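Below is one structure; the comments refer to it alone.
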Amino acid sequence: MSKRDYYETLGIAKGASAEDIKKAYRKLAMQFHPDRNPGDSSADEKFREVNEAYDVLKDEQKRAAYDRFGHAAFEQGRGGGGAGDFHFGAGFADIFDEMFGEFMGGGRRGGGGAARGSDLRYNMEITLEEAFAGKSVEIQVPSSIACDACSGSGGAGGSQPVECTTCRGMGKVRATQGFFTIERTCPTCHGAGRMIKTPCRSCGGTGRQKRDKTLSVTIPAGVEDGTRIRLAGEGEPGMRGAPSGDLYIFLSVQPHRLFQREGANIHCQVPLTMVTAALGGSIEVPTVDGARARVSIPAGTQSGHQFRLRGKGMSVLRSPARGDMFVEAVVETPVNLSKRQEELLREFEGEGGGETSPQSTGFFAKVKELWEDLKD
């Protein structure tokens, strides 16, 4: 059974603001909350759908991924994993943490263990040629290792954590507000369910020490500006053995001095001398793969005329195909003329009549007719 559109679930338009999304969510969450609909399985299902839709649309990155890929953006295993894995996945926040966390100090619910490490962002700039061919690069990212002083336990002298006295090892505490029972992360153990009585001085009780690590990243051929690459488990390490977050590499493609990219196609403006444009000829142009291509210029070529070179454009992501290259002619008007050159041009104009410049002749003929009509 296919999922409903998240915007439809919340009853909002696709271009709705963050404030409109939050208002729609709170209204529906109150309407379908299980405490208000005891024993109603359909309300439970709608409550879950509303929570799921809001968790995605409230986050700018998740929302952008959903707008582009739909529900497929959050399917586990999308893209095959590893350095070329372009997918986004996350657990859903407890709705009451979102609604009341601001004044109760809540955050995401703990899972009865230490908090998962945060996701990290790495900005990488590449050239258009690198985006065409792909590349492998090594980057330095912050990481950590187990603390030598406490052997990773976080306790002084290697002492082990004990059960949290506030939440009794659950990692969560509950509070009642009206007809709501609100569950939030334990403020004492921060969701771990266990606490350290005497923290290690070397690591401050985290059980880890910061170290940088080197990662080898493969940039696939055909990536576009703004592409995000996810490296699962390569983000900030979790505390006291908890899972690490993910590393997201954001790619930025530098502007090129000759080429303009449009999807898989490449555009290039090439100046032509007046003589070449008028009499015809051939020129050589560079291509994005570092080679050359010959273009035949027919006689009478005008500025703006485009020549298509099939298969000379950008690589297509995860495909052997390539886009096309479009060469746009820009006829250059001669400058710094000698007296003899000026004389030759005047002679040429006198001999040519209207046949050599049909566009300008036709235009001014229409202007003359318009003036005559106005006189009448």
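Quantities reported herein were computed from a predicted structural model and do not represent experimental measurements.
Between the CG atom of Asp119 and the OH atom of Tyr248 there is a distance of 5.0 Å, given to the nearest 0.5 Å. Residue Thr301 holds its OG1 atom at 14.0 Å from CE of Met274, rounded to the nearest 0.5 Å. Here the CD atom belonging to Gln302 is positioned 11.0 Å from the CG atom belonging to Leu272, to the nearest 0.5 angstrom. Taken from CG in Asn51 to NE2 in His33, the straight-line distance is 10.0 Å, to the nearest 0.5 Å. Here the straight-line distance linking atom NZ of Lys22 with atom CD1 of Ile12 works out to 13.0 Å at 0.5 Å rounding. Expressed to the nearest 0.5 Å, how far CZ of Arg292 lies from CD of Glu284 amounts to 5.5 Å.
Between Gln61 and Asp59, the closest heavy-atom pair is N-OD1, 3.0 Å. Pairing each heavy atom of Lys172 with each of Cys167, the nearest pair is O-CB, 3.5 Å. Between Leu247 and Glu234 the shortest heavy-atom distance is CB-O, 3.7 Å. In terms of heavy atoms, Ser282 sits closest to Arg294 at OG-NH1, 3.0 Å. Smallest separation of non-hydrogen atoms from Val253 and Glu224: CG2-C, 4.1 Å. When every heavy atom of Asn37 is checked against every heavy atom of Ala43, the shortest pair comes out as CB-CB, 3.6 Å.
Residues Ile139 and Thr214 fail the side-chain proximity criterion, which asks for heavy atoms closer than 4.5 Å. Leu258 has its side chain within reach of Pro286: a pair of non-hydrogen atoms, C-beta onward, lies under 4.5 Å apart. Using a 4.5 Å heavy-atom threshold, the side chains of Pro298 and Phe307 count as touching. Pro220 places a side-chain heavy atom less than 4.5 Å from the side chain of Leu317. Val217 places none of its side-chain heavy atoms less than 4.5 Å from the side chain of Lys135. Put simply, the side chain of Ile249 does not reach to within 4.5 Å of the side chain of Asn123, judged on heavy atoms. Contact of the Leu251 side chain with the Asp225 side chain is not registered, since no non-hydrogen atoms from C-beta on lie closer than 4.5 Å.
Between the side chain of Asp246 and the backbone N or O of Gly235 there is no donor-acceptor pair closer than 3.5 Å. Proximity of a side-chain donor or acceptor of Arg184 to a complementary backbone N or O of Cys186 within less than 3.5 Å is not detected.
Here Lys339 does not pair with Glu343 in a salt bridge; the nearest charged N to carboxylate O distance is not below 4.0 Å. Ion pairing between Glu45 and Arg48 holds under the 4.0 Å rule for side-chain N and carboxylate O.
Listed by chain and number, the hydrophobic cluster partners of Val316 come to none, as no ILVMFWY side chain reaches under 4.5 Å of it. In the hydrophobic clustering, where aliphatic and aromatic side chains (Ile, Leu, Val, Met, Phe, Trp, Tyr) are joined below 4.5 Å either directly or transitively, Leu279 groups with Val275.
Looking at residues two or more places apart in sequence or on another chain, you find a side-chain hydrogen bond (donor to acceptor under 3.5 Å, both in side chains) between Glu129 and His256. Contacts of Asp20 classified as side-chain hydrogen bond (donor to acceptor under 3.5 Å, both in side chains), with partners at least two apart in sequence or in another chain: Ser17. For Lys14, the side chain to side chain contact (heavy atoms under 4.5 Å, CB included) partners two or more places apart in sequence, or in a different chain, are Tyr7, Asp67.
Note: Tyr66 and Tyr6 meet the aromatic proximity criterion, with ring centroids under 6.0 Å apart. Taking the six-membered ring for Trp and the full ring otherwise, the centers of Phe47 and Phe32 sit at least 6.0 Å from each other. In this structure, the ring of Phe259 has its center no less than 6.0 angstrom from the ring center of His267.
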message: For a side-chain contact (heavy atoms from CB on, under 4.5 Å) check, start with the C-alpha distance between Asp212 and Val141, then their side-chain angles and the critical distance, and finish with the verdict.
response: CA-CA 6 Å; Asp212 286 346; Val141 296; over 6 Å; no
query: Does the pair Asn265 and Met314 meet the rule for a side-chain contact (heavy atoms from CB on, under 4.5 Å), with working shown?
result: CA-CA 6 Å; Asn265 296 326; Met314 288 293 294; over 6 Å; no
message: I'd like to know whether Glu183 forms a side-chain contact (heavy atoms from CB on, under 4.5 Å) with Val173, so could you lay out the CA-CA distance, the side-chain angles of the two residues, the decisive distance to 0.1 Å, and finally the verdict.
response: CA-CA 6 Å; Glu183 190 177 77; Val173 293; over 6 Å; no
Output side-chain donor-acceptor pairs under 3.5 Å for residues 322-337, partner residues at least two apart or in another chain, one line each.
from, atom 1, to, atom 2, distance (Å)
Arg322, NE, Gly311, O, 3.3
Arg322, NE, Gly313, O, 3.0
Arg322, NH1, Asp289, OD2, 3.2
Arg322, NH2, Lys312, O, 3.2
Arg322, NH2, Gly313, O, 3.0
Asp324, OD1, Gly311, N, 2.9
Asp324, OD2, Arg308, NE, 2.9
Asp324, OD2, Arg308, NH2, 2.6

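Taking a 6.0 Å sphere around CD of Gln31, one finds it holds more than 12 heavy atoms contributed by other residues, nucleotides or ligands. By the neighbour-count criterion of 12 heavy atoms within 6.0 Å, atom NZ of Lys213 is densely surrounded, having more than that number from other residues, nucleotides or ligands. Residue Glu8 places its CD atom among more than 12 non-hydrogen atoms of other residues, nucleotides or ligands, all under 6.0 Å distant. No more than 12 heavy atoms of other residues, nucleotides or ligands lie within 6.0 Å of CZ in Arg346, so this atom counts as exposed by the packing criterion.
Only one option out of Val288, Ile266, Thr287 pairs with Phe132 in a side-chain contact (heavy atoms from CB on, under 4.5 Å); it is Val288.
A donor-acceptor pair shorter than 3.5 Å cannot be found between the side chains of Thr9 and Glu49.
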